[in-house]
A.B. asks: 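Take a look at this one; I'll ask things after.
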Amino acid sequence: MSLVKQIDTARLPSHIAIIMDGNGRWARQRGMDRIFGHQQGVRALREVIEASAELKIRFLTVYAFSTENWGRPDEEVSALMGIMVQSLNKETDTLVKNNIRLTAIGDTERLASDVKERLMETINVTSGATGLNLIVAMSYSSRWEITEAAKRLSAELAGRSVNPDSVNEFNFEKYLTTHGVPDPELMIRTSGEMRISNFLLWQLAYTELYFTEILWPDFSKEELYKAIIDFQKRERRFGKTSEQLLDK
Ligand code: IPE
Ligand code: IPE
Ligand code: MG
């Protein structure tokens, strides 16, 4: 049976988050420059967006560039920014046609003005879309996000527009960049690395994690289906016992 047929469409995750890792190693294995790996990674992302839209997944968050990635060699950073602009130039029409809404999370103020403008333009033209919500984490890190949230909350507390006793984990969420987006049920990381690398630390509290050895440029629709099938075999207990879940 084909993989996609094994997916229970009634139990799909509403939000999938992906750490797209392994571009550099993929290129190196072929004796190529790391940047070639980033270019090939775009194809994999395109497939995953298409598959997510076909499955009617509501939210797809992809980690494209971390705060820490600013520390890479200048040529690599500018190549990554170039790939971002090129991909947006090339794919914005396809996003519109497929009713896909793009948003970004992260410290986009750090982006060069041409990158930021191109990103904002696509965000604007897709803002009315009602299909897949594609969230790109760009110049993003979770500690940055949580610190920003704490700063905003502190300002409100100081201005007495918020009462400290009223702060709880549910309304703290409104200060995060993912405000209004359900937490991911499934987080995929490629390339065999088993770490979170400063990605959605708050939001991943109860997410099912899926790690695969596949390097990002080799990731495909089939690999996404495998991750979803694996996810659907898990028992999500949220602190309860299996028996309690069966009693429901
Ligand atoms: C992921 O691939 C892309 C970004 C982090 C921008 P890497 O560039 O991290 O590839 P590896 O991990 O070095 O193979
Ligand atoms: C995480 O990958 C960031 C992105 C995929 C954009 P890295 O390759 O930068 O992560 P570390 O530094 O190896 O943990
Ligand atoms: Mg990496």
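Not measured: the values here are computed from a predicted model. Atoms within a ligand are numbered from 1 in the order they appear, just like the ligands themselves.
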A.B. asks: Taking the Mg ion (ligand 3) as the centre, count the protein N/O/S atoms lying under 2.8 Å from it.
C.D. replies: 1
A.B. asks: Starting from I100, can I reach Y63 by hopping between I/L/V/M/F/W/Y residues whose side chains sit under 4.5 Å apart?
C.D. replies: no
A.B. asks: Does atom CZ of F238 have more than 12 heavy-atom neighbours, drawn from other residues, nucleotides or ligands, at distances under 6.0 Å?
C.D. replies: yes
A.B. asks: Check whether more than 12 heavy atoms from other residues, nucleotides or ligands sit under 6.0 Å from atom CG of N168, and answer yes or no.
C.D. replies: yes
A.B. asks: Any donor-acceptor pair under 3.5 Å linking the side chain of N99 with the backbone of T130?
C.D. replies: yes
A.B. asks: Does the ring centre of Y210 sit less than 6.0 Å away from the ring centre of F231?
C.D. replies: no
A.B. asks: Does a donor on one side chain sit under 3.5 Å from an acceptor on the other, for S197 and R189?
C.D. replies: yes
A.B. asks: Considering only NZ, NE, NH1 and NH2 on the basic side and carboxylate oxygens on the acidic side, decide whether R118 and D114 come within less than 4.0 Å.
C.D. replies: no
A.B. asks: Would you mind listing each N/O atom of ligand 2 next to any protein N/O under 3.5 Å, plus the distance?
C.D. replies:
| residue | atom | partner | partner atom | Å |
| --- | --- | --- | --- | --- |
| ligand 2 | 8 (O) | D21 | OD1 | 3.1 |
| ligand 2 | 8 (O) | R72 | NH2 | 3.3 |
| ligand 2 | 9 (O) | N69 | ND2 | 2.9 |
| ligand 2 | 9 (O) | R72 | NH2 | 3.2 |
| ligand 2 | 10 (O) | R189 | NH2 | 3.3 |
| ligand 2 | 13 (O) | R195 | NH2 | 2.8 |
| ligand 2 | 14 (O) | R195 | NE | 2.7 |
| ligand 2 | 14 (O) | R195 | NH2 | 3.4 |
| ligand 2 | 14 (O) | S197 | OG | 2.6 |

A.B. asks: I need the full list of salt bridge (charged side-chain N to carboxylate O under 4.0 Å, His left out) pairs touching residues 75-92, with sequence neighbours left out, sorted by first then second residue.
C.D. replies: R34-E76, R46-E91, R72-E76
A.B. asks: Does E222 pair with K226 as a salt bridge, N-O distance under 4.0 Å?
C.D. replies: no
A.B. asks: How does R28 reach ligand 1, if at all, at less than 4.0 Å between non-hydrogen atoms: by side chain, backbone, both, or neither?
C.D. replies: neither
A.B. asks: Quick one: side chain to side chain contact (heavy atoms under 4.5 Å, CB included) partners of D8, sequence neighbours excluded?
C.D. replies: A10, R11, Q232
